[in-house]
Amino acid sequence: MPELPEVEVVRAGLEPAVTGARVLHVEVLDERALTRHDGPAEDFAHRLTGRTIAAAVRRGKFMWFPLLDDAQPGPAADAQPRAAADAHPEALVAHLGMSGQILLGRDRPAARHRRIVLDVQPPGTDRDGAAEAPVQLEFVDQRTFGSMAIDRMLPTLDGAPAGLAGAVDTLDPDAAWRRRIPFQVSHIARDPLDPAFDDDRFLAAARKRSSGIKRVLLDQGVVSGIGNIYADESLWAAKLHHDRPADRLPRATLRGLLDEVRAVLRRALEDGGTSFDAQYVNVNGQSGYFSQRLAVYGQQGQPCPRCGTPIVREPWMNRSSHRCPVCQPRPRARLR
DNA sequence: AGTTCCGCCTGCATGC
DNA sequence: TGCATGCAGGCGGAAC
């Protein structure tokens with residue numbers, strides 16, 4: 001479930017189930033789901049089993065689950081002082097790649113491409129005071145471009161919260177994990193919905209790039225969370241051709257584009273993300289509805305919602321770009 | 001350092 | 001019908 005809105009739908013769906021939950025059991029069915037983990041499956045399982053998840057956090061298309069230090073596995077764990085463990089903070093990191101899903105539940109029929117299964121114990125009790133039933137998290141991924149990993153956490157460079165943590169933000173804004181980011185996410189820029197996103201910094205970075213503006217939108221080191229769908233949708237909304245050189249776009253144009261990016265991402269989020277098939281679903285296996293509002297992505301041959309001209313789909317960087325040939329004319333040769 | 005290309009995978013639609 | 005080809009919402013690393 002690739003781009004920001006789809007990943008946020010998953011993060012928000014996981015949040016109530018995993019916050020404060022303890023990992024009871026880890027099962028790795030396919031080691032290819034651990035390509036970002038520095039070690040074998042046994043190491044992944046060992047470092048995760050028994051740990052308590054503090055929250056569900058997201059930056060761009062990356063999610064992570066900070067692990068508390070209270071329950072390190074192993075015989076010496078009980079004697080380990082909290083401060084010592086806290087010197088090596090860790091998180092479970094998840095990236096969905098092109099086709100990853102995280103499904104929540106119990107008694108769910110086994111999905112075809114199950115890669116990792118986590119059993120977690122939520123912290124609460126039911127009305128009778130009994131412990132809540134354990135919950136199963138299934139990491140399902142057809143193409144195995146997604147992955148999970150245990151990674152160390154570093155302080156954020158700007159000192160701001162590392163990403164969006166949902167309701168926990170208001171409950172525990174000063175927790176140490178808020179201002180730490182997994183090492184493998186540290187090179188990813190903040191996303192445009194992050195309150196700490198620096199618009200001027202984005203404008204400055206974009207204006208240093210000679211490549212086309214779509215390439216810049218897709219560069220997760222400049223701005224994160226945008227993929228092929230929302231890049232095309234945002235460029236249509238801003239009436240920009242994808243090959244317009246970023247360094248020749250006026251600042252006001254870039255500001256306008258950033259506004260459109262935010263509007264598109266927010267609208268997609270309201271609709272539960274974009275789903276074309278059963279591949280892109282929330283933690284309960286349900287589809288989002290934003291595909292019904294797409295102006296250009298996958299709409300080749302359909303009329304442009306603004307001017308009625310048929311939308312075209314063109315090869316671009318070994319992928320495709322969709323645009324309105326009238327609203328988004330190709331830049332003149334000397335501007336390319 | 002910025003930019004571009006390629007490989008990593010499986011499944012599906014298309015065309016011959 | 002079978003088979004080859006191309007394409008799919010992403011990322012990181014190599015090569016220029």
Side-chain angles (χ1 to χ4, degrees), chain A residues 1-10 29-38 58-63 93-102 111-115 139-149 151 182-189 191 204-235 242-243 245-247 261 264-265 268-269 271-282 287-291 293-300 313-322 336:
Chain A
M1 259 182 84
E3 307 182 41
L4 184 152
E6 293 77 34
V7 179
E8 174 56 22
V9 165
V10 172
L29 296 122
D30 192 329
E31 291 230 23
R32 292 176 300 175
L34 296 178
T35 47
R36 292 159 194 268
H37 179 76
D38 185 19
R58 181 193 53 75
R59 173 187 289 202
K61 306 172 196 173
F62 277 87
M63 274 180 289
V93 181
H95 196 288
L96 301 176
M98 289 279 268
S99 57
Q101 313 171 335
I102 298 179
R112 184 159 175 201
H113 300 290
R114 289 174 136 208
R115 308 295 182 197
F139 180 64
V140 176
D141 188 10
Q142 178 193 104
R143 294 173 67 186
T144 70
F145 289 172
S147 67
M148 285 187 160
D151 199 5
F183 174 73
Q184 60 187 267
V185 189
S186 57
H187 69 290
I188 300 294
D191 62 65
R207 295 188 51 138
K208 282 186 202 157
R209 301 301 191 97
S210 59
S211 44
I213 183 61
K214 178 168 172 177
R215 228 185 272 273
V216 175
L217 287 181
L218 294 179
D219 186 335
Q220 307 295 303
V222 176
V223 53
S224 69
I226 305 166
N228 210 27
I229 294 180
Y230 299 112
D232 283 0
E233 292 298 309
S234 303
L235 289 169
H242 51 260
D243 283 335
D247 58 3
V261 167
V264 166
L265 294 178
L269 210 40
D271 283 4
T274 303
S275 305
F276 298 126
D277 52 48
Q279 197 87 233
Y280 304 96
V281 293
N282 67 15
S287 292
Y289 294 96
F290 192 69
S291 59
R293 294 216 256 165
L294 292 171
V296 288
Y297 188 90
Q299 306 303 306
Q300 54 273 20
R313 171 180 154 180
E314 306 165 317
W316 180 84
M317 294 282 298
N318 285 325
R319 329 172 63 172
S320 294
S321 267
H322 309 73
R336 288 197 286 139

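Just so we're on the same page: letters track the sequence lines, and every chain starts at 1.
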Quiz item: Do the side-chain N or O atoms of A:Tyr230 get closer than 4.0 angstrom to the phosphate oxygens (OP1, OP2) of C:dG9?
Solution: no
Quiz item: Say you pick atom P in B:dC5 and the same atom in C:dC7; how far apart are they, in whole Å?
Solution: 15 Å
Quiz prompt | N/O (side chain, A:His113) to phosphate O (OP1/OP2, B:dC9) under 4.0 Å | solution = no
Quiz item: In terms of side-chain heavy atoms, does A:Ser321 have a donor or acceptor partner in A:Lys214 at a distance below 3.5 Å?
Solution: yes
Quiz item: Would you call the rings of A:Tyr297 and A:His322 parallel, tilted or perpendicular, where under 30° means parallel and over 60° means perpendicular?
Solution: tilted
Exercise. Taking atom P in both C:dC3 and B:dC9, compute the distance separating them and give it to the nearest angstrom.
Key: 24 Å
Practice problem: Can you check whether any acceptor in the base of C:dA8 is under 3.5 Å from a donor in the side chain of A:Arg319, or vice versa? | Solution: no
Quiz item: Are A:Arg36 and C:dG12 close enough that a side-chain N or O sits under 4.0 Å from OP1 or OP2?
Solution: yes
Exercise. Check the distance between C:dG12's P and A:Leu218's CG and give it to me in whole angstrom.
Key: 14 Å
Quiz prompt | C1' spacing across the pair C:dG9 / B:dT3, given as an integer number of angstrom | solution = 23 Å
Quiz item: Would you say C:dG12 has OP1 or OP2 under 4.0 Å from some side-chain N or O of A:His95?
Solution: no
Quiz item: From A:Asp247 CG over to A:Lys208 NZ, what is the distance, rounded to the nearest 0.5 angstrom?
Solution: 12.0 Å
Quiz item: Would you say C:dA8 has OP1 or OP2 under 4.0 Å from some side-chain N or O of A:Ser99?
Solution: no
Quiz prompt | Phosphate OP1/OP2 of C:dC11: any A:Lys61 side-chain N/O under 4.0 Å | solution = yes
